Amino acid sequence: MSGGGERLVPAECGRLAAGLRELKDRTGLSLAALGERTPYSKSSWERYLNGKKLPPRQAVDALCRLAGEPADRLLALWELAEQSWSGRAAAGEPSPQPPPPVVPPPVVAEPERRPFLVRRVLLSAAVAVLVVAGVVAALVLASGGSGAGGRDRDPANPIAAASYPQSYEPGCRGAECEGADPTQMGCGAQGMLVTLLQRRAAGGQRVEIRYSEKCGAVWVRSMNLRLGDHVVLTLPGADAKELKAASQRDTELYLSTAMTATKDPEKARVCVLPAGGSPECFVPQSPAPRV
């Protein structure tokens, strides 16, 4: 703690941190796992999730990718938090400035030092130009190497924004994914999956059949379940995968079944078994229900 005491976290930053914690809990990943699957360390995530530090925009986007969630809402919160954070810093705590150059005391006449100081200033300026040129070159190379990720890049951190989508690999492939959690394996990250089916059951339960070609596996994600509801995923020749809303919290979050490794995702079938109601089953080819 500095001599002026701990700074208060703006309300906007607190709301952003709360949203990130909820998303992190939804993924089921530990801080260490987040550090392994993103360009940001375990200690960085601890600061971001507790509101101690404003996360980079790319960190918010990366967590949304891992959770398989659209990033619009949290990125909007990030914009508000960033404005509040930077405004607070400008008003009360300016960013540290580099120390002024050392000038000889006025009582000592040392004209021979002036050329040395000038050389130091020119050398510092040259180094700064080289650094800026290197960053610009990296940004140009990154924008030329990817045709779809331009809108996700932030000029404040072009290297992290460009390298993350290109270097990301799932934690399993094919038979390795059988029975594994799609979120922990990274198969549910944005750009890694297609949704084969989206349906709403008579009781309001939402189910989605999701498939990742890179992982070679299919699973079901569900929302709006009621306490005691079951959702079952079946494929010919494979063990059934099931999820259950066992607590009140389960009724408020997205829940996912374990994955089934398959090369025929169109044969997947999902059944909603509501507590005290009649089951409803859907397959990707089934017609959408009328609203």
Side-chain angles (χ1 to χ4, degrees), residues 7-31 33-90 95 135 138-139 142-143 145-170 182-184 186-195 198 206 208 210 212 221 223-224 252-254 256:
R7 295 189 300 179
L8 295 177
V9 176
E12 292 83 357
C13 298
R15 284 194 288 270
L16 174 63
L20 293 175
R21 289 196 299 273
E22 179 183 350
L23 208 59
K24 182 259 185 189
D25 291 342
R26 189 181 301 176
T27 67
L29 296 175
S30 65
L31 291 176
L34 284 178
E36 293 174 357
R37 295 186 179 279
T38 68
Y40 308 97
S41 67
K42 170 184 174 182
S43 59
S44 293
W45 278 114
E46 188 276 331
R47 291 192 292 271
Y48 301 157
L49 295 173
N50 287 292
K52 299 177 182 177
K53 183 178 181 181
L54 181 70
R57 190 177 192 274
Q58 293 84 3
V60 177
D61 187 59
L63 185 55
C64 290
R65 288 172 184 267
L66 288 176
E69 286 298 310
D72 296 346
R73 183 179 69 86
L74 278 179
L75 288 181
L77 285 176
W78 181 88
E79 294 286 351
L80 294 175
E82 193 278 334
Q83 292 176 12
S84 177
W85 188 280
S86 61
R88 176 172 67 98
S95 302
V135 172
L139 179 59
S143 63
S146 173
R151 65 177 181 274
D152 293 330
R153 293 178 186 148
D154 188 339
N157 195 356
I159 297 176
S163 63
Y164 174 69
Q166 296 174 9
S167 62
Y168 180 78
E169 289 293 332
T183 301
Q184 292 185 3
C187 298
Q190 185 174 345
M192 292 280 291
L193 62 89
V194 293
T195 299
Q198 289 181 321
R206 290 175 52 191
E208 301 173 355
R210 303 186 133 198
S212 170
R221 187 175 78 156
M223 181 65 171
N224 295 339
E252 301 168 356
L253 302 174
Y254 280 107
S256 296

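When a residue number appears, it is its place in the shown sequence, counting from 1. Since this is a predicted model, take the numbers as computed values, not measurements.
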Are the side chains of [Y] and [X] in contact, using a 4.5 Å heavy-atom criterion?
{"X": "Lys42", "Y": "Leu34", "result": "no"}
{"X": "Leu20", "Y": "Leu77", "result": "no"}
{"X": "Leu193", "Y": "Cys187", "result": "no"}
{"X": "Leu63", "Y": "Trp45", "result": "yes"}
{"X": "Pro55", "Y": "Tyr40", "result": "no"}

Could you state the interatomic distance from [atom1] ([X]) to [atom2] ([Y]), rounded to the nearest 0.5 Å?
{"X": "Ser30", "Y": "Gln184", "atom1": "OG", "atom2": "CD", "result": "8.5 Å"}
{"X": "Asp61", "Y": "Thr38", "atom1": "CG", "atom2": "OG1", "result": "11.5 Å"}
{"X": "Tyr48", "Y": "Cys13", "atom1": "OH", "atom2": "SG", "result": "13.0 Å"}
{"X": "Tyr254", "Y": "Glu208", "atom1": "OH", "atom2": "CD", "result": "6.0 Å"}
{"X": "Leu74", "Y": "Leu16", "atom1": "CG", "atom2": "CG", "result": "6.5 Å"}
{"X": "Thr27", "Y": "Glu69", "atom1": "OG1", "atom2": "CD", "result": "11.0 Å"}

With Trp78 as reference, evaluate Arg57, Glu12, Gln83, Arg73 under the side-chain contact (heavy atoms from CB on, under 4.5 Å) test and give the passing residue.
->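 Exactly one pass, corresponding to Arg57.
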
Looking only at non-hydrogen atoms, find the nearest pair between [X] and [Y] and report the distance.
{"X": "Ser256", "Y": "Arg221", "answer": "OG-CG, 3.7 Å"}
{"X": "Trp85", "Y": "Lys52", "answer": "CH2-O, 3.7 Å"}
{"X": "Arg206", "Y": "Asn224", "answer": "CD-ND2, 3.6 Å"}

Salt-bridged, Asp25 to Arg21, with N to O below 4.0 Å?
->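 Arg21 and Asp25: not salt-bridged.
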
Is the side chain of Arg15 donor-acceptor paired with the backbone N or O of Ala81 at a distance under 3.5 Å, no angle test?
->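 Such a contact is absent between Arg15 side chain and Ala81 backbone.
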
Glu22: salt bridge (charged side-chain N to carboxylate O under 4.0 Å, His left out) partners, not counting sequence neighbours =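 With neighbours one apart ignored, the set is Arg26.
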
